[in-house]
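Report on the structure given below.
Lettering follows sequence order; numbering is per chain, from 1.
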Amino acid sequence: MGRVTTSQPRLLLIDGHSMAFRAFYALPAENFSTSGGQHTNAVYGFLSMLANILTEEKPDFVAVAFDVGRKTFRTEVFPEYKAQREAAPEEFRGQVELIREVLETLGITTLSRDNFEADDIVATLSTQAGADYETFLVTGDRDYLQLVDDSTTVLYPMRGVSKLHRFTPEAVEEKYGLSPEQYPDFAALRGDPSDNLPSVPKVGEKTATKWIAQYGSLDGLIEHAEEIKGVAGQNFRDRIEQVKLNRQLTQMVTDMDLEVGPADLGFKVAVSSEVAARFDELEFGTNLRERVLNAVPHDAAAEAAAAEEAPDVSVTVVDTPLAEWLEDKEHVAVFVQGDGTPGAGDAAALALVDSSFEGLQIELADLDAADDAALAAWLESDAPKYLHEAKAAWHMLSGRGIELQGIAHDTALAAYLLRPGQRTYALTDVYQRHLQKSLGAATEQLSLLDDNQLVEQAGAIMELAAELTSQLQEIDSFELYTDLELPLVSILARMEAAGIAVDRDVLETQRDAFIEQVNEQERAARELAGDDSLNLNSPKQLQAVLFETFDMPKTKKTKTGYSTAAKEIEQLAATHPHPFLDHLLAHREYQKMKTTLEGLIKTIQPDGRIHTTFNQTVTSTGRLSSTEPNLQNIPVRTEAGRQIRSAFVVGEGYETLITADYSQIEMRVMAHLSADPGLIEAYREGEDLHNYVGSKVFDVPVDEVTPELRRRVKAMSYGLVYGLSAYGLSQQLGIPAREAKEIMESYFERFGGVKRYLDEVVVQARKDGYTSTVFGRRRYLPELNSDNRVARENAERAALNAPIQGTAADIIKVAMIRVDKALEGMASRVLLQVHDELVVEVAPGETEKVQSILEREMDKAIELTVPLEVSVGEGKNWDAAAH
DNA sequence: CGTGTAACGTA
DNA sequence: CGTACGTTACACGA
């Protein structure tokens, strides 16, 4: 609007490093980083700026130039050139490479050349463009002002990167009192601390401007050097050679031999799915992605234009009677709306869409008896149904007395297997992620519902089912999906619906006891601190008491001060005993127990049972997670903790609880994956693993492995599964780093297969971009190739752990399916899964049978090179059933 | 009121 | 400077 359009093509040249750096300092690094620790603030800021400029300037040709390293022809002439610059901050590392990758994905040319700076590339291209192009140079480096002319404008960031100042010849003149050609003369004379170019004493910006203006150029000034009076004049005469060198360095190279010219810098058409994948990797939202994508030519542009007229999902709503419509449908996408709370769900409305995208939308309250019965019968039949988050739908329908069967697709699960570790798998997000189309979320309130809103959701599920199926097949994960994750959906739904019985009285009695204890510890601690309103839960207040009132030695630093974690307090108590510390630690434990108990009591439903939700799409490794409440972290290690466990009891009509767990499953998976002969032998011989490993590592007979040695070996064995370092081991064991290193070396010497495996896993993952479990479950770890050391090492440890933890997760999922099948026809039922443990509620008379089913089916879940070991316990409550 | 951090429970 | 989670409470900024 308002811009004079010329017939000339528009050329945009960006100094990539310069602008990345500006972006880096414009946005706080700590607010932009991926879950793996790679900072992305410069990437984000750069792309945001790029989107703005592209939209504003609408260039026909674009290139972004980058420096290659520090060494250039300039440093050869003048080794001090830019030598004072410190290494870029750690947080900046890797971001330039990420920017280049995104630019390439966007179809924008990037250029760099050994021995030259980005300046020279830009200067050469802009010179080649001459008057034939309207050229825009984007940079935070004022040396570029020498390139400004009638057809070349420099866009220079003023504050942050959002406001760009336009330097035309007039603007340069106005700001510096010099012409663009005079600018490099001025810069050479003034010197430049940022490039480490020396200045002339007594000659600053003012004098430099005056002299250059007076004599027209540096050459003119040098010719008349003898005329200049005063100390400044003498200083200049003394340093003419340095100034000449400055001028030489400031001069940009305008005649590089580049393999491309301005006309070669057109956009390549960006593939929006690839752009989406890049942005997902960087964990950027869809907002920036849309802005950037819309600023460049891309494949979905045509679709998007069409989409403005027609909705993305195109479904025909019909008014065929329900029962008739359902006849001989092969597959149907189902979208259910309602409340998916386990044990308390309800369905309000649903939509059905068939494979020809013909659909119905039904409010359940409106159905007549015949249709109601037909619908229920169909939902409970084996007829294949495609859903998104089928477990929630199961609970909704369960509220209407319908037990959903025939779950043939769950597009949330499919999306999870394709891209684990995403923050959300909501239908609209998955739709956007995998089909690059947008879908409005359905209104939750029934009264506000459009006539076809639910049908659109079901249509999206139908579309996604086809797309995700082929994507899963491409990565050989379709069987994992159909044979493992999908069958688990209804098993988990039934577990959640069953819930686990608790003894409310026991929980409340325990809670009251802990309240007493908490109050007592709090009173004592407040008295000692001399502050009767001290909040022991406030790290801030605690720091004040510990390090100011009591003046104790400082603990480990945290972001907000000094740590008040139990571990640190314990250390403090060991070196500086103080009753306040004892009360504090006691308070911590009781307080934790108290809140755990209060949380649990709140979640008891009217049936006297707690119904957790198992999430199947949360973890990046393949484990389940448990929420509302989390029943996978109920205390067990302390006596007080076991008391809480004892409140989880066998329900009415049932006889007992059985728990069955895999012993050392991750170590066994490690033995299998590493194929280490030593570990395999230990398990095959049925040795106590840690004693066996201890005897090898410390070179003593098995029966001479002391408890202390065993403890160290155990810590190390488990640590290795997590990517433990020698330093970490020394910290955990409280031994010198040297000693820890020796133990690890000795371990790797005796168990070379483990060492080889762990190294290999990272190498392979770096090459592939992902790790795989025995069952083919992938975890993508792009940050293995990050330049950011912290991010990269985090990813390496994740790569070590993912195949092991993930395979163990796969195994127990297989076991759950087998156990569920074996329990068919019996009244006993699985209630909980805690990663390597199943909790079963046993009906009268079925104890022995259930026990043998668990032992058999869990054992047969997979055949590894080492045996699995399942241990089973039985009792009236969860604690008593432990073993 | 929502968001981030510290702390701490589990496998 | 050991992986994977969820919940609680506090502190802070909109």
Side-chain angles (χ1 to χ4, degrees), chain A residues 30-31 35-36 420-421 535-543 555-569 584-585 587-600 602-603 612-615 617-638 640-642 644-645 661-667 670 715-733 737 740-741 744 758 771 779 781 789-790 793-806 808-809 812 832-838:
Chain A
E30 62 270 24
N31 288 352
S35 41
N535 181 353
L536 292 176
N537 290 322
S538 164
K540 206 175 161 191
Q541 292 187 33
L542 269 185
Q543 285 171 36
T555 54
K556 206 173 87 183
K557 277 206 201 95
T558 66
K559 277 182 189 163
T560 54
Y562 297 95
S563 173
T564 57
K567 212 180 130 223
E568 299 293 326
I569 303 292
L584 173 60
L585 288 170
H587 179 269
R588 278 270 171 81
E589 188 182 349
Y590 297 141
Q591 177 72 25
K592 178 78 185 173
M593 293 295 165
K594 187 193 114 185
T595 54
T596 301
L597 283 161
E598 282 173 342
L600 286 174
K602 261 189 284 185
T603 62
T612 185
T613 298
F614 288 107
N615 203 316
T617 58
V618 162
T619 72
S620 32
T621 53
R623 278 188 175 181
L624 300 177
S625 79
S626 157
T627 57
E628 294 178 273
N630 180 357
L631 293 186
Q632 291 179 324
N633 72 342
I634 301 300
V636 69
R637 295 199 226 271
T638 61
R642 285 189 291 275
I644 296 182
R645 257 179 203 233
D661 65 43
Y662 284 116
S663 101
Q664 300 176 337
I665 186 158
E666 291 190 347
M667 287 308 306
M670 161 84 107
M716 179 170 53
S717 292
Y718 277 102
L720 289 175
V721 177
Y722 304 142
L724 183 71
S725 65
Y727 177 85
L729 183 66
S730 75
Q731 288 300 294
Q732 193 190 314
L733 294 177
K741 192 161 168 263
M744 280 186 92
L758 293 175
T771 61
R779 173 172 186 183
L781 292 161
R789 207 189 77 198
V790 177
E793 290 180 348
N794 281 340
E796 285 169 359
R797 287 190 296 272
L800 292 179
N801 177 254
I804 300 171
Q805 187 184 121
I812 195 162
L832 300 178
Q833 186 252 48
V834 191
H835 308 309
D836 66 359
E837 171 188 8
L838 297 179

Confirm from the modelled atom types if [X] and [N] form a donor-acceptor pair under 3.5 Å, side chain to base only.
| X | N | value |
| --- | --- | --- |
| A/Arg623 | B/dA11 | yes |
| A/Asn633 | B/dG9 | yes |
| A/Glu628 | C/dG6 | no |

Look at all strands and tell whether [X] reaches a base, only sugar-phosphate, or nothing, counting heavy atoms closer than 4.0 Å.
| X | result |
| --- | --- |
| A/Ser620 | sugar-phosphate |
| A/Val834 | sugar-phosphate |
| A/Ala808 | nothing |
| A/Ser626 | sugar-phosphate |
| A/Gly719 | base |
| A/Arg588 | sugar-phosphate |

Hey, is the side chain of [X] poking within less than 4.0 Å of OP1 or OP2 on [N], counting only N and O atoms?
| X | N | answer |
| --- | --- | --- |
| A/Asn535 | C/dC10 | yes |
| A/Ser625 | C/dG6 | yes |
| A/Thr621 | C/dT3 | no |
| A/Arg637 | B/dG9 | no |
| A/Thr595 | C/dT7 | no |
| A/Arg797 | C/dG2 | no |
| A/Ser563 | B/dA7 | yes |
| A/Lys540 | B/dT5 | no |

Nearest whole Å is fine: how far is [N] [atom2] from [X] [atom1]?
| X | N | atom1 | atom2 | answer |
| --- | --- | --- | --- | --- |
| A/Asn801 | C/dT3 | CG | C1' | 4 Å |
| A/Glu796 | C/dT3 | CD | P | 12 Å |
| A/Asn615 | C/dC5 | CG | P | 11 Å |
| A/Leu600 | C/dG6 | CG | C1' | 13 Å |
| A/Leu720 | C/dA4 | CG | P | 16 Å |
| A/Leu729 | C/dT3 | CG | C1' | 16 Å |
| A/Arg645 | B/dG9 | CZ | P | 13 Å |
| A/Gln541 | B/dA7 | CD | P | 14 Å |

Any donor-acceptor N/O pair, A/Asn801 side chain to A/Val721 backbone, under 3.5 Å: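 Present.
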Test item: A/Thr612 side-chain N/O and A/Pro629 main-chain N/O as donor-acceptor pair under 3.5 Å: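 It does hold such a pair.
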In Å and rounded to the nearest 0.5 Å, what is the [atom1] to [atom2] distance from [X] to [Y]?
| X | Y | atom1 | atom2 | answer |
| --- | --- | --- | --- | --- |
| A/Glu598 | A/Leu600 | CD | CG | 10.5 Å |
| A/Tyr722 | A/Ile804 | OH | CD1 | 9.5 Å |
| A/Ser625 | A/His835 | OG | NE2 | 8.0 Å |

Of the candidate nucleotides [options], which contains the atom at the shortest distance from the side chain of [X]?
| X | options | value |
| --- | --- | --- |
| A/Asn537 | C/dT3, C/dC10, C/dG6 | C/dC10 |
| A/Thr619 | C/dC5, C/dG2, C/dT3 | C/dC5 |
| A/Thr564 | C/dG2, B/dC8, B/dA7 | B/dA7 |
| A/Ala565 | B/dT10, C/dG2, B/dC8 | B/dC8 |

Derivation of the salt bridge (charged side-chain N to carboxylate O under 4.0 Å, His left out) call for A/Arg623 and A/Glu666: CA-CA 13 Å; A/Arg623 278 188 175 181; A/Glu666 291 190 347; 3.4 Å; yes
Salt bridge flag under 4.0 Å for residues A/Arg637 and A/Glu589: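 Salt bridge flag = no for A/Glu589 with A/Arg637.
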Along DNA chain C (nearest heavy atom to each residue), the more 5'-positioned of A/Glu598 and A/Lys592: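 It is A/Lys592, whose closest nucleotide lies nearer the 5' terminus.
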